[in-house]
Each structure stands twice: as C-alpha cells, then as structure tokens.
Amino acid sequence: QVQLVESGGGLVQAGGSLRLSCAASGHTFGTYVMAWFRQAPGKEREFVSVIRWSGSVQYYADSVKGRFTISRDNAKNTVYLQMNSLKPEDTAVYYCAARGGSYYRTNPSEYDYWGQGTQVTVSS
C-alpha cells in the first residue's frame with residue numbers, strides 16, 4: 001500500500017514557476033513508477049510526466065516538455081514536479097500517482113494509487 005499526499009499548488013501569474021511535491025508512505029516507494037497527471041474543469045484527466053523508480057528515465061507530455069521537470073528522492077519518499085514558464089492552460093488539479101513494476105504508462109487507469117490532488121491556477 002502506498003499513500004500519496006501532494007503539496008505546492010497555488011496561484012501564479014503566467015510565466016511564473018511552482019514546484020509540486022508528492023510525499024509517499026510505504027517502505028517500497030523506491031520500487032514504484034511515479035507520475036503526475038492533471039485535470040482541468042470539464043476535461044478528462046491527462047498525463048503530464050512520469051519517472052521510473054531509479055530516476056533514470058523520465059517522460060513528458062508534449063504540452064509540458066521543456067517547461068516541466070520531474071524528479072524523485074527515494075530517500076525522502078518524495079517525487080517533485082518543477083513547473084516553469086507556466087501558462088493559463090496549465091491551470092488544473094494536479095495529481096500524483098504510483099504504479100508497481102518498472103514500465104511507465106501514460107494511461108491513468110494503469111495506476112494503482114492516487115493522491116488527493118493540488119490546485120494550480122495560472123492567471124494571464
């Protein structure tokens with residue numbers, strides 16, 4: 001079992017930055033693939049970024065590539081999402097998710113554990 005708690009969301013102007021954190025419980029955190037998804041009002045949950053257990057492989061949605069950076073600290077059981085050059089279209093609730101195994105996936109249905117989400121609002 002893994003419990004996830006996100007933090008770091010807030011209101012920021014376009015062009016600004018935020019850093020999201022996802023703290024995980026469970027001694028096997030280091031074996032999980034971790035991902036960030038987001039969901040805007042009236043839209044489906046969409047993939048943002050994923051990182052494998054070792055941190056050696058990261059993958060990003062085209063919409064955030066070059067602006068967002070995912071990282072993890074297995075010693076702290078925490079995964080991060082550094083978001084730079086934010087745009088109004090980045091406004092959404094951001095969710096942290098975890099899945100077992102070593103293969104990353106971009107479909108939210110393939111993730112076993114979810115946090116409660118943190119709101120990110122980017123004003124124009």
Side-chain angles (χ1 to χ4, degrees):
Q1 286 285 342
V2 176
Q3 292 185 326
L4 306 173
V5 179
E6 302 97 334
S7 61
L11 173 64
V12 64
Q13 288 188 331
S17 298
L18 282 174
R19 188 195 196 200
L20 305 183
S21 298
C22 173
S25 64
H27 65 281
T28 57
F29 171 80
T31 65
Y32 282 84
V33 171
M34 302 298 297
W36 289 95
F37 290 81
R38 66 187 181 186
Q39 188 166 17
K43 295 188 177 181
E44 293 186 351
R45 192 166 297 189
E46 66 171 359
F47 167 78
V48 175
S49 184
V50 63
I51 188 167
R52 287 185 64 184
W53 65 271
S54 66
S56 62
V57 176
Q58 306 99 40
Y59 185 69
Y60 299 91
D62 287 343
S63 59
V64 307
K65 200 173 296 182
R67 300 187 298 122
F68 291 11
T69 302
I70 191 170
S71 61
R72 66 190 295 164
D73 185 336
N74 289 342
K76 296 182 177 179
N77 282 11
T78 302
V79 63
Y80 305 97
L81 185 69
Q82 177 66 45
M83 305 186 297
N84 298 328
S85 302
L86 283 161
K87 305 175 181 180
E89 51 263 44
D90 294 318
T91 295
V93 177
Y94 283 71
Y95 296 91
C96 176
R99 70 184 302 273
S102 58
Y103 296 101
Y104 66 82
R105 295 288 184 265
T106 61
N107 188 330
S109 67
E110 299 194 69
Y111 285 79
D112 305 306
Y113 305 103
W114 291 86
Q116 83 289 349
T118 185
Q119 177 71 47
V120 171
T121 303
V122 185
S123 63
S124 57

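The figures here come from the full heavy-atom set of this structure, side chains too, leaving out hydrogens, waters and symmetry mates.
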State, without any angle test, whether R38 and Y94 hold a side-chain donor-acceptor pair at a distance under 3.5 Å. yes
Not counting sequence neighbours, list each pair that qualifies as a salt bridge (Lys or Arg N to Asp or Glu O under 4.0 Å) and has a residue in residues 50-62. D62-K65
Does the pair I51 and W36 meet the rule for a side-chain contact (heavy atoms from CB on, under 4.5 Å), with working shown? CA-CA 9 Å; I51 188 167; W36 289 95; over 6 Å; no
Report the distance from atom OG of S124 to atom CD of E89, rounding to the nearest 0.5 Å. 10.0 Å
Consider only side-chain heavy atoms of I, L, V, M, F, W and Y, link residues closer than 4.5 Å, and tell whether V120 and Y80 are in one cluster. no
Please examine the side chains of L20 and E6, heavy atoms only from C-beta on, and report whether any two atoms are closer than 4.5 Å. no
What are the two closest heavy atoms between D112 and R99, and how far apart are they? OD2-CA, 3.5 Å
Taking V57 as the starting point, is it possible to reach Y111 by hopping between hydrophobic residues whose side chains are less than 4.5 Å apart? yes
Would you say N74's side chain and S54's backbone share a donor-acceptor pair under 3.5 angstrom? no
Check: S49 side chain, Y60 main-chain N or O, donor-acceptor pair, under 3.5 Å: no
In short, V33 meets G101 closest at the heavy-atom pair CG2-O, 3.4 Å
Would you compute the distance between atom CD of Q3 and atom CG of N77 and round it to the nearest 0.5 angstrom? 12.0 Å
Worked verdict on M83 versus V12 for side-chain contact (heavy atoms from CB on, under 4.5 Å): CA-CA 11 Å; M83 305 186 297; V12 64; over 6 Å; no
Closest heavy-atom contact between K76 and T78? O-OG1, 2.8 Å
If you take all heavy atoms of Q119 and V93, which pair is closest and at what distance? OE1-CG2, 3.2 Å
For L4 versus Q116, what's the shortest heavy-atom pair and its separation? O-OE1, 3.7 Å
Got F68 and L18 here, is their nearest side-chain heavy-atom distance under 4.5 Å? no
Who are the ring pair (Phe, Tyr, Trp, His ring centres under 6.0 Å) partners of F47, not counting sequence neighbours? F37, Y59
Quick one: pull up CZ in R19 and OG1 in T69 and give me the separation to the nearest 0.5 Å. 10.5 Å
Shortest non-hydrogen contact between S17 and N84, atoms and distance: OG-OD1, 2.9 Å
More than 12 heavy atoms of other groups within 6.0 Å of E46 CD: yes
